[in-house]
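Input: a single structure, listed below in structure tokens.
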Protein chains: 2
Amino acid sequence: MSFAEHAIAVLREKGYKVTRPRRQVIEAIGRAEGAMSPGDIGKMMGEGGRHLDQVTIYRVINLLCSLNLVHRVFSQGGYVRCDLLEEEGCHRFLICRGCGSLQEFRDEALCRQESEAARKLGFRAEHHVTESSGLCRDCRD
Amino acid sequence: MSFAEHAIAVLREKGYKVTRPRRQVIEAIGRAEGAMSPGDIGKMMGEGGRHLDQVTIYRVINLLCSLNLVHRVFSQGGYVRCDLLEEEGCHRFLICRGCGSLQEFRDEALCRQESEAARKLGFRAEHHVTESSGLCRDCRD
DNA sequence: GTTGGTGCAAAGGATTTGCAACTTG
DNA sequence: CAAGTTGCAAATCCTTTGCACCAAC
């Protein structure tokens, strides 16, 4: 099942309407290799498909975020589809500075150690986000 | 040596002029417990000390960032002083959702494991940032 | 047919730029 | 004194809000 199919199924399941603008944003984010800002999505619509109002894009992105279908990438100021089905737990991003592509993953052991390091400093960590930059397999050579 | 003293020494050393606005911003960030946005700093100046132009605040913050004297806190949209003297390597933030206070630390072992996890996915990580939210010692009770 | 969603207009912030006047070293 | 900095004005960009119209269920 593709990201778009999954996202649309979730919308239906939660009682949200499946509209043309929502499909368009979902497909744009689903196809993107890296993070997309609301502006990026707007420009892409302007060229290819049918025009989408900028305000609508913001609203759709907010909805998708609240459903954990996309995540905000802080260091890039954009959003990416979330391919991890588990809704809980922390997520980590690998962001290629060569091609801008982005990979998300989870690692329970790292999460635990991160929390443990915080605990030693008297801090009770509840949630954390990590963003790594570097070079992906294709850009290393 | 306080943060402000250290920051001013670095400015001098790198050939930047030590002006009143720069002192003011450095002292504001140095005194703050948590992250401060450019707007926060502007408001604080309006009340206490002498007024500072918003544009100047942006420019001073950019300078301090480029010198690694302050770091951007993504999840908060603000900036904090960096207390770690080593300029290299990754940094981690503990951000209290109770009082908003912020603590920065380094952990070599975590850094290595983070990189190792990336490597297993074919990614060569060069740098990473982690922000954890939770409760600090004082807010846990 | 209802309810929720979209598009438009407009407001509100945040951030950047150009340039003349000023201050530091 | 010269070079680097600041303050102001204004431009630009990003994001949100209110409301009438429209489309999905």
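Below, chain A is the first sequence line, B the second, and so on; all start at residue 1.
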In this structure, how many angstroms lie between the C1' atom of dT15(C) and the CD1 atom of Ile41(B), rounded? 14 Å
Hey, could you give me each pair passing salt bridge (charged side-chain N to carboxylate O under 4.0 Å, His left out) that has a residue in residues 54-76 of chain B? Not counting sequence neighbours. none
Rounded to 10 degrees, the angle between the two terminal axes of the helix from dG1(C)-dC25(D) to dG25(C)-dC1(D), each from five pairs: 50°
I'd like to compare against my own output: the B/S/- annotation of nucleotides 15-25 of chain D with a strict under-4.0 Å heavy-atom distance to protein. BBBB----BBS
Does Pro38(B) offer a backbone N or O that forms a donor-acceptor pair with the side chain of Gln54(B) under 3.5 Å? yes
Could you check if a side-chain atom of Val10(A) sits within less than 4.5 angstrom of a side-chain atom of Asn68(A), using non-hydrogen atoms only? no
Asp53(B) CG - dA20(C) C1' separation (whole Å): 14 Å
Rounded to whole Å, CZ of Arg50(A) lies from C1' of dG7(C) at a distance of 12 Å
Whole angstrom is fine here: how far is it from CG in Leu63(B) over to P in dT16(C)? 14 Å
Remaining members of Leu121(B)'s ILVMFWY cluster at a side-chain heavy-atom cut-off under 4.5 Å? Leu94(A), Phe105(A), Phe123(B)
With sequence neighbours left out, what residues match Asp83(B) under salt bridge (Lys or Arg N to Asp or Glu O under 4.0 Å)? Arg81(B)
Suppose the criterion is salt bridge (charged side-chain N to carboxylate O under 4.0 Å, His left out): which pairs have a residue in residues 122-137 of chain B, not counting sequence neighbours? Arg97(A)-Glu126(B)
Any side-chain heavy atom of Glu116(B) sitting closer than 4.5 Å to one from Arg119(B)? yes
Okay, side chain of Arg12(B), backbone of Val18(B): is any donor-acceptor separation there less than 3.5 Å? no
Just the rounded figure in Å: distance from C1' of dG7(C) to CZ of Arg22(A). 14 Å
Taking the two cysteines Cys111(A) and Cys90(A), decide whether their SG atoms are closer than 2.5 angstrom. yes
Within this structure, what is the CG-to-P distance between Leu11(A) and dG4(C), rounded to whole angstrom? 15 Å
Rounded to whole Å, CG of Asp40(A) lies from P of dC14(D) at a distance of 9 Å
Atom CD1 of Ile57(A) and atom P of dC8(C): how far apart are they, to the nearest Å? 12 Å
